[in-house]
**Student:** 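Dropping the structure in here first, questions after.
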2 protein chains.
Amino acid sequence: MTNETLDEVDLRLLQALQADGRATHAALGKAVGLTGPSVYARIKRLERAGVIRGYTTIVDAGALGQDLVAYLRIGTKAGPDEAGPFEEFVHAEPRILECHDVDGEDSYIVKVRVGTPQELRALLAQVRALPDVYRTITSIALETIKETRGGGHLADPATPEDD
Amino acid sequence: MTNETLDEVDLRLLQALQADGRATHAALGKAVGLTGPSVYARIKRLERAGVIRGYTTIVDAGALGQDLVAYLRIGTKAGPDEAGPFEEFVHAEPRILECHDVDGEDSYIVKVRVGTPQELRALLAQVRALPDVYRTITSIALETIKETRGGGHLADPATPEDD
DNA sequence: GCTGAAAAGCGCGCGCC
DNA sequence: GGCGCGCGCTTTTCAGC
């Protein structure tokens, strides 16, 4: 279940697939030093093992009129054991891109993407109206410095840490 | 540059592409009510227009031994106008998945993904050692409620908001 | 488990509607 | 702008190393 089953070639292959999800097996093979069918066999193995979770297309949010990113720190009353109205709302609301239950002062950290400040205001009002939400702190993103999407980082396979 | 050039079919096509970045043109056509070549023409147009930014593979972070997600709220001294050592570090460090310059109390919100608490501690030490960083507040994710990756939400094309 | 070739399926461009 | 056909490439399988 860990990366014991992943060798160096697998990691390079995953990295190449992360960089271009539609690369052909031949191109991937050239990148990792294998032939097409070998790449195919490895990809299928990784898909079955659940290492490859899927393939997606990165859409420019600005072209969709969704230029506004904000992070919300949410305080809720109920513990994380019972998924209350807030979590249901999170799953139902497409403008909520991410939501993590966190330790510390806040209950959840939420990433939202909307088109206008008015839309953000309306969304915030919906969140605040939920019965288990008692506090929201909003941080509007002025600029996105970095935004990766692969799900895990593969640029550094070996960890050169002094353990 | 806005979504004026995107019609309803484009939005459905983008949604289908987000759900499966390797879907065939025929399958996409069936989903949106078009034939393969028509889908192909639209995809090429969307790629040229920059609406489609690229394709990627979603890798299971747990399989890579990266089970620990944390959000860092960073306080820096220099304004966002001049990209200081912190932003350089952000770009160079693969374990930093996201970084946004935000308004409010904090300067940046950063999303990191690491394998162990020890690794997080070492990464935090590196961040704190940067000359322009004067404060870091860490929130460790106990559970991920939601994590989308497409870059923009397409589930709700029409905004049923009482404006 | 990787390599090669061979078959089935698909992406891709053209011409027509 | 979308549809149908055809070529070339890619995916996928199979046998050999």
**Student:** Can you name the residues that form a side chain to side chain donor-acceptor pair (under 3.5 Å) with Arg12(A), not counting sequence neighbours?
**Tutor:**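 Partners of Arg12(A) by the side chain to side chain donor-acceptor pair (under 3.5 Å) criterion come out as none, since no residue qualifies.
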**Student:** Do Tyr108(A) and His100(A) make the cut of ring centroids closer than 6.0 angstrom?
**Tutor:**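 Here the rings of His100(A) and Tyr108(A) have centres that are no less than 6.0 Å from each other.
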**Student:** Any side-chain N or O of Thr35(A) less than 4.0 Å from the OP1 or OP2 oxygen of dC2(C)?
**Tutor:** no
**Student:** Could you run through nucleotides 12-17 of chain D and give me one letter per nucleotide, 5' to 3': B if any protein heavy atom sits under 4.0 Å from the base, S if only the sugar-phosphate is that close, - if neither?
**Tutor:** SB----
**Student:** Whole angstrom is fine here: how far is it from CG in Asp20(B) over to P in dC10(C)?
**Tutor:**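 About 13 Å, once rounded to whole Å.
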**Student:** In chain order, what residues pass the side chain to side chain contact (heavy atoms under 4.5 Å, CB included) check against Glu88(A), with sequence neighbours excluded?
**Tutor:** none
**Student:** Select from Arg22(B) and Leu34(A) the residue whose nearest nucleotide in DNA chain C is closer to the 5' end of that strand.
**Tutor:** Leu34(A)
**Student:** Looking at residues at least two apart in the chain, or sitting in another chain, which of them share a salt bridge (Lys or Arg N to Asp or Glu O under 4.0 Å) with Asp60(A)?
**Tutor:** Arg53(B)
**Student:** Can you pull out every ring pair (Phe, Tyr, Trp, His ring centres under 6.0 Å) where at least one residue sits in residues 116-137 of chain A? Sequence neighbours excluded, please.
**Tutor:** none
**Student:** Near DNA chain D, under 4.0 Å by heavy atom, which residues of residues 49-57 of chain A?
**Tutor:**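 Those residues whose heavy atoms fall under 4.0 Å from DNA chain D, taken from residues 49-57 of chain A, amount to none.
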**Student:** What is the distance from CG of Leu28(B) to C1' of dC3(D), rounded to the nearest Å?
**Tutor:**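 After rounding, the gap between these two atoms is 17 Å.
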**Student:** What ring pair (Phe, Tyr, Trp, His ring centres under 6.0 Å) pairs are there with at least one residue in residues 33-66 of chain A, not counting sequence neighbours?
**Tutor:** His25(A)-Tyr40(A)
**Student:** Once salt bridge (Lys or Arg N to Asp or Glu O under 4.0 Å) is applied, do any residues pair with Lys44(A), and if so which ones, sequence neighbours excluded?
**Tutor:**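 For Lys44(A) the salt bridge (Lys or Arg N to Asp or Glu O under 4.0 Å) partners, ignoring immediate neighbours, are Glu47(A).
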**Student:** Looking at residues at least two apart in the chain, or sitting in another chain, which of them share a salt bridge (Lys or Arg N to Asp or Glu O under 4.0 Å) with Arg128(A)?
**Tutor:** none
**Student:** Considering every strand and a 4.0 Å limit on heavy-atom distances, what is the contact class for Ser38(A): base, sugar-phosphate, or nothing?
**Tutor:** base
**Student:** Using a cut-off of strictly less than 4.0 Å, decide whether Arg42(B) has a side-chain nitrogen or oxygen near OP1 or OP2 of dG1(D).
**Tutor:** no
